[in-house]
S.K.: 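Following this message is one structure expressed as structure tokens.
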Amino acid sequence: MTLLSDARMQEVVDAVAASDDADLAIVDRGLTEAPDDPRLHFLRGSVLAGIGRPIEALASLKQAVALAPDFTIARFQLGFFQLTSGEAAEALSTWGPLALLPEDHYLRLFVGGLTYLIRDEFVPAVADLRRGMAANVENPPLNRDIQLIVDRVIDIPAPVAATTEASSATSLLLGQFGSGRVH
Amino acid sequence: MKRPRATGLDVVLDPQRAEASLWRRARFEADVGSRETLFNRYLLLARSVAARHFRRRRAVERGDLEQLAYEGLLQAIDRFDPLQGVPFGAYARPRIAGNVADGATRMTEIEAQLSRRYRMQQERLRTLKIDGGGDALTTLADLVVDLAIGLMLEGTGMLADEDDADARPGAYEGLAWRQTQAALAAALDRLPQGEQTVIRQHYQTGMSFAHIAELLRLSRGRVSQLHRSAVERLRRWLRHHRG
């Protein structure tokens, strides 16, 4: 597997973050240099999700996880993407290996909270999501997304807004990029 | 009207992604269930196109225009490229309208004059042909019950009455009839999935068996078989309900 050097990777991430419309071509150029780099596929999935191309985004996220099954943040985000697409069973299946993380790992807690949420068990869902946020020092942007979910859960049974902000609760933020392990 | 309580999944569901997921599964993974969900989701669009055509030209019965609209919708679903970034409604509407207009022009005068309901009933009757194994009287009694089940299903509120007929209960709708009808509506949920889909699409949506076959990617013979076995199952349950 050919990986981009860390310096080159940072260059790609910076260029994407600096471009007005999260230019996909920048990532694709990186992929011509290292077609099997899971971080680039994850980044590509993030960019595609951000510009409203969910079918291709999912394919890229799946590719990232297939290339690096232990890339935990990519696995979490793939499951999250599936969940927000209404594919709860697939999300749970994707998240399965995250159960092997330490009990107090923020991703494991988030998965626990979201699993409760799928089962409509709102109290333990909020508890686990909050514990996850407290444990998460690695990935602050993710906490903002989780907080949005917590806020919405607390609003139940008050009517939930008919439309959710596509990029809020579910965005794959570039700020998260680089965290998680790649083996 | 009371709003249903939000579920946990509602909290995180992103409508755009959920729709994309359906398209992905329907178009690239040949998932018939997702295709049917998409069809049901855009059913009102097809009906509104048919209604619009009907308001302008009343030469063809509205039910026939709806069949043409369903056909156009199915074609649009199968030809739509979800990767192009065009909303499906905008893509499908002119195609459905085109199919309705072309089909209405093609319909012969005789076809147009024959009541759609009559044709639907004929089609239904054909699928209910009894195998002739039992004695003639039992066979006839079964057939009569099966046809009555069809009438009851139409009256369960599943099928919208497009003729604006008087919907008030008449002498025909005695208490026993209405109770049986309620039992029938409840029994529908217990039918095996395939049979349930055929019954709902035929009686609720008013789709012909040919279009249901296209929707479910089954042969017409298989759809007829599912219809027959569903009606037979309902007949057995109803007899049990009465007993």
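For the numbers below, each heavy atom of this structure counts, side chains included, while hydrogens, waters and symmetry mates do not. In what follows, chains are A, B, ... by sequence order, proteins preceding strands, each numbered from 1.
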S.K.: Looking at E87(A) and R24(B), is there a salt bridge between them, counting it only when a charged N and a carboxylate O are closer than 4.0 Å?
M.R.: yes
S.K.: Please tell me if the side chains of I118(A) and T7(B) come closer than 4.5 Å, counting only heavy atoms from C-beta onward.
M.R.: no
S.K.: Check the surroundings of atom CD in E103(A): do more than 12 heavy atoms from other residues, nucleotides or ligands lie under 6.0 Å from it?
M.R.: no
S.K.: Looking only at heavy atoms, what is the nearest atom pair of L13(B) and L83(A), with distance?
M.R.: CD1-O, 4.1 Å
S.K.: Quick check: closest heavy atoms across I55(A) and P82(B), and the distance to 0.1 Å?
M.R.: CD1-CB, 3.7 Å
S.K.: If you look at every heavy atom in A88(A) and L9(B), which pair is closest and at what distance?
M.R.: CB-CD1, 4.3 Å
S.K.: Ring pair (Phe, Tyr, Trp, His ring centres under 6.0 Å) with F80(B): which residues, sequence neighbours excluded?
M.R.: W23(B), F88(B), Y91(B)
S.K.: Identify the heavy atoms of R17(B) and S85(A) that sit nearest to each other, and give their distance.
M.R.: CB-OG, 3.5 Å
S.K.: Less than 3.5 Å apart, which donor and acceptor atoms pair up between the side chains of residues 10-17 of chain A and the rest of the protein, not counting sequence neighbours?
M.R.:
{"residue": "Q10(A)", "atom": "NE2", "partner": "D14(A)", "partner atom": "OD1", "Å": "3.0"}
{"residue": "E11(A)", "atom": "OE2", "partner": "R8(A)", "partner atom": "NH1", "Å": "3.1"}

S.K.: Do other residues, nucleotides or ligands put more than 12 heavy atoms under 6.0 Å from R220(B) CZ?
M.R.: no
S.K.: Counting only heavy atoms not in R79(B), do more than 12 sit closer than 6.0 Å to its CZ atom?
M.R.: no
